[in-house]
Engineer: 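There's a structure below that I have some questions on.
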Amino acid sequence: MPYGYVGRVLWINLTSKEIKELTFDDEVLRSYVGGSGLAAKIIYENVPPEADPLSPENLLVFMTGPLTGTIIPGSGRHTVSAKSPLTGIWGEANVGGYWGAELKKAGYDGLIFEGASEKPVYMLIEDSNVQIIDAGDVWGLDAIETGEKLRDKHGKVRVSAIGRAGEKQVKIANIISDGGRAAGRTGLGAVMGSKKLKAVAVKGTGTIEIAEPQKLRRLISRVLVTIRADPHVQILASYGTDGIMLPMHTYGDVPIKYFTVGEWEGLEKICGEAIVQTILVRQYACHACPIGCGRIVKVDEEPYKMEGHGPEYETAAALGSLLLIDNLKAIAKMNDLCNRYGIDTISTGSVIAYAIECYEKGLLKTGMKLEWGNPDLAIRLIKMIGEKRGLGELLSQGVKKMGEELGGEAEKLALHVKGLEIPMHDPRAFYGMALQYVTSHRGACHLRGLMYQIEQGVRIPDLGIHKRYHRDTLMDKPEPLIAMQNWHDLLDSLVLCKFVAIPPATVAAMYQLATGIDLKLKDLLKAGERTYNLKRLYSIKCSPIGCEDKLPHRFMEEPLAEGGARGMIPRELQGALKKYYELRGWDEKGIPTEEKLKELGITQS
Amino acid sequence: MAFTEEEVKSEVIWAMKALYNKGLMTGVGGNASARLPNSEEIWITPSGLYKPRLTEEDLVKIDLEGNVIEGVLKPSMEWHFHTEIYKRRSDVNAVVHAHSPYSTGLAIAGVEIRPITLEAALMLAKVPVVPFKYPGTKELAEEVGERIMGTRLLILQNHGVIGVGYEMIEAVTAVEILEEVSMMTFIAKMMGRLIEIPPEEIEVIKKLYRI
Ligand code: SF4
Ligand SMILES: [Zn+2]
């Protein structure tokens, strides 16, 4: 077993309550690394593409990587993967905090859940003491209360839990760790709920063995100064991820009123600076993070009284500008409610915005009065989604299903790629984001590619990104995008935070010092390419939507009338896509070719 | 970066020497503390001793409520604001306090830092000023806590400065940069003219650097 890993993965059958220990041989670890890359291999080989995502057949895979829980900056994250109940294709989400590091200290690189328990259970892992425990006393609690209760019961455990939405298998349900960090996207909380698994509580006392601890420390000491000096990092540290709101707005990137308006003065009230000035009580950093982009906030007045994790950029936009809500305290409350119910804030803001638009256009009939800029309405709807009650039942399925049910004109207005709601970066403002969204294996993904950074002039020489890219061109984007997607897929395997700006060659050096494996950057990037292709292939096998690489009508036909993206439309998307497929070694339908798969060592079952 | 308790202590000692040698504090003026990431216990300089000659044995370990856990001396009387900062910033592992003459002097004269260099434009644009409170008091700590979010530097009115960082180098460097720009400002003002970087250029810089 190489260093960095702790060597064991638990395979837990929740139907039979049987628990097995797995180890992976070195070759597999060199090829798939860990995190969501290794999870992809496990799911590809074990979950038939036709499986119902909410059936016992699906697997729910919590995975760390060889760097998780080490002293490497940004190594506090872990990944959760499954076949997605929201999209029906490959699903994964990435989450920060301390849970992943704790799991490794307890001696496990990952947990694979199979089957479904008859009664609600939770899992307790205290080093080698592993138990499946009746969850009668926490089932029905919200995700944050569940963590508190389990800590009361078991001492200082780290908890990943679902809220009531996950229990009810709401399709946009997520999994909450450490009292407010979310494995947000693709509805994985519903998979956990379908298995009747309420929570996983972990406490570990072991250590993670490193191949070259002294050298690694020395390297990190030298890198840290440059990380903190990076101006992007300074923004994240000073204002949190929501610090990007105002600068991004100058490009017309921040979605307003469900992507229909390009200017809105309300942003000033909900940006990162506003958070610092009003509701912030503490900055939060994940394990080994020099940045601390997390915000702990507090609102004292009813009806928005709350204390806990504050809105990140995606949340401030999805629950704020997308709905024309400029009341930061209300947004903090909405975010808290979403975390408690365990629903993804991006998808939640999107389904609400979509419902309001359809209602206004007469395409959705309901007894409620749906309108923009009404936080109390939004709060009511969040509760209804979390409880799958009334109109919430429709909304809880995500915009794609909503569109199908409403039919006709409404279907065209649903903004998603492959069933996953569009994140809070407008693909009309950065054309590279258009190509990024449509080619992402999990549906519209803002985190794999980060093209809006490249298109603002960020250069990453280690990835061959040397030149200045502009945001309004498309034909030159396939190359840098592919490089970035492979790189980010690798980061999700290692697992490292994408905000901690460590140059790729340095990451490779850290990987070598940590694991003792002699893979070079180019080999590691190959692993990123491998997992990117494998996930794509799995998505295509699951559903034809897996290679439906297209943007919703709005982004292709309706330019914004004002603001930084006024008049912009990523018209050349088809052409760029064609070039992208060629460079990827995919056929004209976007399916990885036999040669490509062979080159990557992926066997078709 | 400190990865062990021993390293944490030696960084605190180093910080005091560095700030003293740079003329940012007198031998009895400043103080410093540091911790391992996420630890609820910090190592802080003692009260009353001559700072540039401190050794590891002189340091005091306290928890975030000020209870002494290790060490025979009394913790710095400014421990209140040190712990207040750690409580609010989990990304901060080092805190220094100095009496930087130019930085403090400009604040006393009511002069703001203008964007005269790149650092001044990007990092020092909004250094909060903490209104005067008696040193060593809880009140001072509260005022510091209110303003420490989202910044690496604070100016204490009629008193001195505070620098924080993920590690000690960063905290000390922040204090140094503030002093450097303050000196430039002072010199330019003395000569009668202060030419700023044009606002368009700052916009370009900000756009280029911002995510
Ligand atoms: S940058 Fe933010 S999300 Fe990433 S590890 Fe640090 S605190 Fe966590
Ligand atoms: Zn002082």
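Numbered from 1 within each chain, the chains take letters A, B, ... in sequence-line order. Hydrogens, waters and symmetry mates are skipped; everything else that's a heavy atom, side chains included, is used.
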Engineer: Can you tell which of A:V281, A:I220, A:I296 has the highest number of heavy-atom pairs within less than 4.5 Å of chain B?
Structural biologist: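 Result: the option with the highest number of such pairs is A:V281.
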Engineer: Salt bridge (charged side-chain N to carboxylate O under 4.0 Å, His left out) with B:E5: which residues, sequence neighbours excluded?
Structural biologist: B:K61
Engineer: Assess whether atom OH of A:Y469 is packed by more than 12 heavy atoms of other residues, nucleotides or ligands within 6.0 Å.
Structural biologist: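 Buried by this count: over 12 neighbours within 6.0 Å.
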Engineer: Based on non-hydrogen pairs under 4.5 Å, which of A:G292, A:A237, A:C289 is most in contact with chain B?
Structural biologist: A:C289
Engineer: When only heavy atoms count and the cut-off is under 4.5 Å, which of residues 89-104 of chain B reach chain A?
Structural biologist: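 Within residues 89-104 of chain B, near chain A: B:R89, B:S90, B:D91.
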Engineer: For B:K87, is the NZ atom crowded, meaning more than 12 foreign heavy atoms sit under 6.0 Å from it?
Structural biologist: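 It does: B:K87 NZ has more than 12 such atoms within range.
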Engineer: Which atoms of B:E7 are under 4.5 Å from chain A, going by heavy atoms: the side chain, the backbone, both sets, or neither?
Structural biologist: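 Answer is side chain: those atoms of B:E7 sit under 4.5 Å from chain A.
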Engineer: Please check if the number of heavy atoms outside B:K74 that lie under 6.0 Å from its NZ is greater than 12.
Structural biologist: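 No, not enclosed.
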Engineer: How about A:K498: does its NZ atom have over 12 heavy atoms from other parts shown lying under 6.0 Å from it?
Structural biologist: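 Atom NZ in A:K498 is crowded, with more than 12 foreign heavy atoms closer than 6.0 Å.
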Engineer: Would you indicate whether B:E56, at its atom CD, is surrounded by more than 12 heavy atoms from other residues, nucleotides or ligands within a distance under 6.0 Å?
Structural biologist: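 More than 12 within 6.0 Å, yes.
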Engineer: Which residue pairs satisfy the side-chain hydrogen bond (donor to acceptor under 3.5 Å, both in side chains) criterion with at least one member in residues 128-144 of chain B, sequence neighbours excluded?
Structural biologist: B:E143-B:R147
Engineer: With chain A, which of B:I169, B:T151, B:N38, B:T173 has the greatest number of heavy-atom pairs at distances under 4.5 Å?
Structural biologist: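 So the answer, after comparing B:I169, B:T151, B:N38, B:T173, is B:N38.
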Engineer: Looking at every non-hydrogen atom in both residues, tell me the closest pair between B:R152 and A:Q234 and how far apart they are.
Structural biologist: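 Smallest interatomic distance, heavy atoms only, reads NH2-NE2, 2.9 Å.
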Engineer: Does B:E112, at its CD atom, have more than 12 non-hydrogen atoms belonging to other residues, nucleotides or ligands within less than 6.0 Å?
Structural biologist: no
Engineer: Considering only residues two or more places apart or on different chains, which pairs with a residue in residues 95-104 of chain B satisfy salt bridge (charged side-chain N to carboxylate O under 4.0 Å, His left out)?
Structural biologist: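 Pairs touching residues 95-104 of chain B that pass the test: none.
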Engineer: Tell me, for A:L280 versus chain B, whether the close heavy atoms (under 4.5 Å) come from the side chain, the backbone, both or neither.
Structural biologist: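 The answer is both parts of A:L280.
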Engineer: How long is the span from the CD1 atom in A:I71 to the CZ atom in B:F3, to the nearest 0.5 Å?
Structural biologist: 4.0 Å
Engineer: Using side-chain heavy atoms (C-beta onward) and a distance below 4.5 Å, is B:M149 in contact with A:R295?
Structural biologist: no
Engineer: Quick check: do A:R218 and B:M1 have side-chain heavy atoms less than 4.5 Å from each other?
Structural biologist: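 Not in contact.
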Engineer: Should we count NZ of A:K329 as having more than 12 external heavy atoms under 6.0 Å?
Structural biologist: no
